[in-house]
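Heads up, the thing below is written out as structure tokens.
The figures that follow rest on heavy atoms only: side chains count, while hydrogens, waters and symmetry mates do not.
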Amino acid sequence: YLLVNLTHGFPNEPNPLFKSEGPFYIENREHLQQVQTLGLVKNHIAEAQGSLDKMAALLSDFHFLVYLSSLDILSADNVKLIGRIITAETPEMSAQLTDELLASDGWQTLSLMLQEASDSDLNHGAGSAMDTGDSSDGFSSGAQNTSSAGGSGGRSSSPWACRHCTFENSPANDSCDMCALPRD
């Protein structure tokens, strides 16, 4: 038998890079009704409103960063800036970098999208299907949602361009597949 001493592989005083007081949902957990949505982002960011220190701490949640990156709203420079915020040596430096991030174009775009969308639009996607029990696999198409919405029968059968991001969507969708904002 081989005996291995693992004490040298673990620090005496751990200092994790990613730490969060209020963790963001972990990705790929639809089966547990834990779905990452823009609504969750809005609520998560609202917890840190008005405090650069709280926002810096919020940004050190790995799963929150993965979801923000997957949205492709923030530029590569914004993501690098978030990395600098997380690894900042002093709280003052972290607050200064956080202020820089909040003033960036990418963060302003994200903020605008969160302000423009209603709560039902922010929770669009797998989460809304799971909450209502409409779909057994947790995914719903826009066509399922339009059949219950009154007055949608007058929609054209041609694709439509989102007025927020200009993405061309299927005529059956009531909200944009790219940015999840409402059609009208």
Side-chain angles (χ1 to χ4, degrees), residues 10-30 32-128 130-131 161-169 174-184:
F10 298 97
N12 291 332
E13 295 180 29
N15 186 18
L17 184 61
F18 296 105
K19 45 194 168 229
S20 178
E21 295 173 11
F24 194 73
Y25 281 163
I26 297 172
E27 47 282 320
N28 300 320
R29 297 282 176 105
E30 289 86 5
L32 297 174
Q33 283 78 29
Q34 295 179 353
V35 180
Q36 296 175 333
T37 63
L38 285 175
L40 192 60
V41 170
K42 184 177 184 178
N43 294 339
H44 207 60
I45 290 173
E47 295 173 11
Q49 285 298 78
S51 171
L52 294 177
D53 292 334
K54 286 182 181 179
M55 183 60 77
L58 173 94
L59 291 170
S60 69
D61 185 320
F62 177 77
H63 302 289
F64 182 65
L65 294 179
V66 169
Y67 184 67
L68 282 181
S69 295
S70 73
L71 294 174
D72 289 330
I73 297 170
L74 301 178
S75 69
D77 290 336
N78 292 143
V79 175
K80 288 178 186 175
L81 183 57
I82 292 173
R84 290 176 45 211
I85 291 168
I86 294 169
T87 58
E89 295 179 10
T90 64
E92 293 81 18
M93 184 185 295
S94 178
Q96 179 184 3
L97 293 170
T98 302
D99 194 35
E100 186 179 330
L101 174 69
L102 297 178
S104 71
D105 290 341
W107 193 267
Q108 293 297 317
T109 301
L110 176 65
S111 297
L112 182 63
M113 287 179 65
L114 295 176
Q115 287 174 355
E116 286 288 320
S118 67
D119 289 336
S120 62
D121 296 322
L122 291 172
N123 293 319
H124 169 76
S128 60
M130 296 184 96
D131 294 340
C162 176
R163 65 184 174 101
H164 303 284
C165 72
T166 68
F167 182 75
E168 193 169 291
N169 292 280
D174 279 339
S175 44
C176 179
D177 283 336
M178 187 60 63
C179 67
L181 293 173
R183 180 176 184 167
D184 297 320

So ring-ring contact (aromatic ring centres under 6.0 Å, His included) across residues 74-111, not counting sequence neighbours, yields none
Minimal non-hydrogen separation, Leu110 against Ile45, with atom names: CD2-CD1, 4.3 Å
Considering non-hydrogen atoms only, spot the tightest contact between Asp177 and Asn169 and give its length. N-OD1, 2.8 Å
So which atom in Gly106 and which in Ile73 form the shortest heavy-atom distance, rounded to 0.1 Å? O-CG2, 3.6 Å
Would you say CD of Gln49 has more than 12 non-hydrogen atoms from neighbouring residues, nucleotides or ligands within 6.0 angstrom? yes
Quick check for you: to the nearest 0.5 Å, what is the distance between Leu181 atom CG and Phe167 atom CZ? 13.0 Å
Would the distance check show the side chain of Ser51 and the main-chain N or O of Ala48 forming a donor-acceptor pair, the cut-off being under 3.5 Å? no
Contact summary for Cys162 and Cys165, nearest pair of heavy atoms: SG-N, 3.5 Å
So which heavy atom on Ala88 is nearest to which on Leu97, and how close? CB-CD1, 4.5 Å
Would you call Val41 and Phe24 a side-chain contact if the rule is heavy atoms closer than 4.5 Å? yes
Give me the atom names and distance for the closest heavy-atom approach of Cys179 to Leu38. O-CD1, 3.4 Å
When rounded to the nearest 0.5 Å, the distance separating CE of Met113 from NZ of Lys42 is 12.0 Å
Does any non-hydrogen side-chain atom of Asn78 lie less than 4.5 Å from one of Leu68? no
dist Met93:CE -> Ile85:CD1 (nearest 0.5 Å) comes out at 12.0 Å
Does atom CD (Glu27) have a neighbourhood of more than 12 heavy atoms from anything else shown, all under 6.0 Å? yes
Starting at NE2 of His44, measure out to CE of Met55 and round the result to the nearest 0.5 Å. 9.5 Å
Quick one: does any side-chain atom of Ser94 pair with a main-chain N or O of Pro91 as donor and acceptor, under 3.5 Å? no
Reported NE2-to-OG1 distance for the pair His164 and Thr109, which is rounded to 0.5 angstrom: 13.0 Å
